[in-house]
Protein chains: 2
Amino acid sequence: MTLKASYEHVGCDDCPIRHRAVCAHCEKDELEELEAIKYYRSFEAGQTIIWSGDPMSFVGSVVSGIASLTQTMEDGRTQMVGLLLPSDFVGRPGREAAPYDVVATTDLVMCCFRRAPFEEMIATTPHIAQRLLEMTLDELDAAREWMLVLGRKTAREKIASLLSIIARRDASVNRKGLSGPIAFDLPLTREAMADYLGLTLETVSRQISALKKDQVIQLEGKRHVIIPDMRSLLDEAGDDSDGGFLV
Amino acid sequence: MTLKASYEHVGCDDCPIRHRAVCAHCEKDELEELEAIKYYRSFEAGQTIIWSGDPMSFVGSVVSGIASLTQTMEDGRTQMVGLLLPSDFVGRPGREAAPYDVVATTDLVMCCFRRAPFEEMIATTPHIAQRLLEMTLDELDAAREWMLVLGRKTAREKIASLLSIIARRDASVNRKGLSGPIAFDLPLTREAMADYLGLTLETVSRQISALKKDQVIQLEGKRHVIIPDMRSLLDEAGDDSDGGFLV
DNA sequence: GTTTCCACTTGATCTCGGTCAAAGCAACTG
DNA sequence: CAGTTGCTTTGACCGAGATCAAGTGGAAAC
């Protein structure tokens, strides 16, 4: 088996995700050490992987499918606080309990590491702590960008923001460009989108219909989305920080 | 000068914050190394410390006063995405540019470290990367808790949530308990509160008046808040995760 | 002392998105 | 095949919060 150690050389024979998620810049020895504590888990759509408050026995990354981090109030109001797409990392090294539910939104495969030995590695391997810090800062930036969406954007802008995020992620995973028309399958139900956007599912449905009527997006069936022009979608999102994605 | 190295022994002669923020568990040598690259900066209320997109030349922590992280859309809509109280850390090791504005909400003193040498220390000192990772995870948790507030709570619940967060922070900084009545000064204008909560300042004002009328809080002047019973405030906040603060 | 300013309050009205209800539609099931 | 189930759409109505507009009160400035 060939071990690839740099961020660019993503992927080894059996786990295309792992290196990218936690091992960029690792040395060969470290990868072999990780190999020893690695295992896979599958989940069905709708299954809760970790309940809020539960002890977490593992960390890991999403191989395929989608997971979400959700918080729920006693009366049932639900807010999704994170969307985990393939290659995203799950887990809080150094934390005993999960602060929110982790739910498999679609069928899901994860590549896991048992927590205790993983934390030992962090303690002894400076690279990994630094890499995790970098990843956590990325998550923090994403969470804060989403706070702007939740706090200040209109329903239409929220939908456009979500669609452009999914389009970007889809493009970067499948190494597609963002210049021409973009097509992808929505991995979320209307209800899941509503929970992410702080809306009701009816409003989500109405706004998607409106964007379709206004030619900003096209729909094939309920889930397959075509974006004729990414720029006009970003306009709708009110997004100044298009982050040079369209250069 | 006495150097205090553990988390409990917060504070040295001239910088009560620094150790707590970045040096928990540090060795004496490291503290002296930090000492060499440390300096103070003062800002006036309303002053922008770092503009979104600017290169960041330093990291540091708040000594006194309040700073906020804000994002703004072209049309002026503003969302505060973070509230920095004394002892909070500012900066993204490893990042060139700031992703949002950092603004002094009140007069402010910060204890800064020049970024380049600080990052060198991170690279060579495993403790610090781990400590920063822990702090960043805390910030991430706070940001995600706030996403629930922004996405799903009513105006009244939002106000109650903000007040209880400030009350908690104030109590922990000033080593007060949370069992009896609690009193503190609001460090934010109505407008700043609105920007944090995703509301307008008029709604903030109305809801504060309503909470006052319903005896959940008392006001002396515009800013001095008295909370007769923390439990009823948390009830208003709809907060199941009172985090055992009232045990 | 009164003027100005700023943060705040209060009121009247409007609107976006929530709520409630019905119905469409594709995929299964027996 | 009819019947169920889950996801989605659409319509009618309503209300929380936004918007627009005065007005209050206290502290600094002249």
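The sequence lines fix the lettering, A, B, ..., with proteins before strands; numbering per chain opens at 1. The structure presented is a predicted model; accordingly, all values stated were derived computationally and were not measured.
A straight line from CG of B:L219 to C1' of D:dG25 spans 15 Å, rounded to a whole angstrom. Going from atom CZ of B:R206 over to atom P of D:dT19 covers 12 Å, rounded to whole Å. Between the C1' atom of D:dA16 and the CG atom of B:L150 lies a distance of 17 Å, rounded to the nearest Å.
Of all the residues in residues 185-203 of chain A, A:G198, A:L199, A:T200, A:E202, A:T203 reach under 4.0 Å from DNA chain C with at least one non-hydrogen atom.
Crowding of A:Q218 atom CD: a count of heavy atoms from other residues, nucleotides or ligands under 6.0 Å exceeding 12. More than 12 heavy atoms of other shown residues, nucleotides or ligands fall within 6.0 angstrom of atom CZ in A:R169. In this structure, A:Q47 places its CD atom where more than 12 heavy-atom neighbours from other residues, nucleotides or ligands lie under 6.0 Å away.
When every heavy atom of A:G60 is checked against every heavy atom of A:F89, the shortest pair comes out as O-CD1, 3.3 Å.
Each of B:V204 and A:K153 was assigned the nucleotide of DNA chain C with the nearest heavy atom; the assignment lying further toward the 5' end belongs to B:V204.
Protein chain A contacts DNA chain C over a range whose 5' and 3' limits, counting nucleotides with an atom under 4.0 angstrom from a non-hydrogen atom, are C:dG17 to C:dC20.
Note on A:R156: nothing from the nucleic acid sits closer than 4.0 angstrom, heavy atoms only.
Between B:D229 and B:L233, every side-chain heavy-atom pair lies at or beyond the 4.5 Å cut-off.
The aromatic rings of A:F58 and A:Y39 sit perpendicular, their planes meeting at an angle over 60°, well past the 30° parallel limit.
A donor-acceptor contact shorter than 3.5 Å links the side chain of A:D88 to the backbone of A:L85.
The side chain to side chain donor-acceptor pair (under 3.5 Å) pairs that include a residue from residues 102-113 of chain B are B:S68-B:T105, where partners are two or more places apart or lie in different chains.
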